[in-house]
Amino acid sequence: MTVTAGRSTRSPRRSAACAAAVAALSAAALLGGGLTAQAAAPARATGAAVELPPAVALATQCYYRVNATGGLVIRSGPGTGYTRVGSYPNGATVLASASTTNGFRNVGTNRWVSAAYLVRITSYPCE
């Protein structure tokens with residue numbers, strides 16, 4: 001840092017490092033408030049842009065196989081009180097939410113199936 005007439009100036013390299021640190025702390029605050037080992041990893045400055053270490057993506061959907069002899073009813077909401085909007089045959093492969101709501105997995109907009117009749121296919125990774 002250089003001090004000239006009461007003002008301080010930073011070298012371009014130091015400015016990029018400070019900007020990277022600020023960006024890393026801001027990202028950590030947005031992603032949960034605390035620094036984790038990954039969030040604390042140094043950011044890499046590339047020109048004017050700051051490249052942060054990759055965040056761990058949470059799986060939101062997984063592949064399942066329908067295990068219901070008579071097929072699986074698709075409903076408009078997460079419960080048996082919702083209207084039937086379709087069905088999957090036994091043995092069908094379904095991409096559904098990894099989480100459940102009221103015992104149901106989401107398979108699309110206003111499309112839900114009972115999680116009790118889905119078996120996770122472990123040979124496919126969750127997305």
Side-chain angles (χ1 to χ4, degrees):
M1 182 180 335
T2 308
V3 177
T4 310
R7 293 183 316 167
S8 65
T9 59
R10 291 190 177 117
S11 70
R13 187 174 200 167
R14 187 169 173 107
S15 294
C18 288
V22 168
L25 290 172
S26 298
L30 287 173
L31 294 173
L35 287 177
T36 63
Q38 188 170 16
R44 187 174 63 202
T46 56
V50 175
E51 184 180 325
L52 295 175
V56 176
L58 297 176
T60 57
Q61 292 186 319
C62 298
Y63 287 93
Y64 298 90
R65 185 162 327 283
V66 173
N67 186 22
T69 306
L72 183 59
V73 173
I74 304 170
R75 297 191 176 272
S76 62
T80 57
Y82 289 89
T83 59
R84 295 177 183 205
V85 294
S87 65
Y88 288 117
N90 188 37
T93 300
V94 177
L95 182 62
S97 61
S99 62
T100 61
T101 301
N102 197 28
F104 282 73
R105 295 190 189 280
N106 185 281
V107 293
T109 304
N110 296 326
R111 297 174 65 84
W112 297 79
V113 295
S114 174
Y117 298 99
L118 295 176
V119 177
R120 168 108 157 67
I121 302 173
T122 57
S123 58
Y124 292 122
C126 293
E127 301 174 355

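On a predicted model such as this, the values are computed, not experimentally measured, just so you know.
Here Ala116 pairs with Ser114 under the side chain to side chain contact (heavy atoms under 4.5 Å, CB included) rule; sequence neighbours left out. In terms of the side chain to side chain contact (heavy atoms under 4.5 Å, CB included) criterion, residue partners of Asn67 (sequence neighbours excluded) are, by chain and number, Asn90, Val119. Partners of Tyr63 according to the ring pair (Phe, Tyr, Trp, His ring centres under 6.0 Å) rule, which considers only residues two or more places apart in sequence or in another chain, are Tyr124. Scanning for side chain to side chain contact (heavy atoms under 4.5 Å, CB included) contacts around Val94 gives Val66, Tyr88, Ala96, Val107, with sequence neighbours left out. Applying the side chain to side chain contact (heavy atoms under 4.5 Å, CB included) rule to Arg65 yields the partners Thr93, Ile121; only residues at least two apart in sequence or on another chain are considered. Among residues two or more places apart in sequence or in another chain, the side chain to side chain donor-acceptor pair (under 3.5 Å) test is passed with Thr83 by Ser76.
Closest of all the heavy-atom pairs between Val73 and Val113 is O-CG1, 3.7 Å. Ser97 and Arg105 get closest at one heavy-atom pair: O-NH1, 3.2 Å. Pairing each heavy atom of Leu95 with each of Gln61, the nearest pair is CD2-OE1, 3.5 Å.
The OG1 atom of Thr69 sits 9.0 Å away from atom OH of Tyr117, with the distance rounded to the nearest 0.5 Å. Within the model, atoms OG1 of Thr80 and CZ of Phe104 stand 6.0 Å from one another, a figure rounded to the nearest 0.5 Å.
No donor-acceptor distance shorter than 3.5 angstrom exists from the side chain of Asn102 to the backbone of Gly79, with no hydrogens or angles considered.
Both Tyr64 and Ile74 belong to a single network of hydrophobic side chains, linked directly or stepwise wherever heavy atoms of I, L, V, M, F, W or Y lie under 4.5 Å apart.
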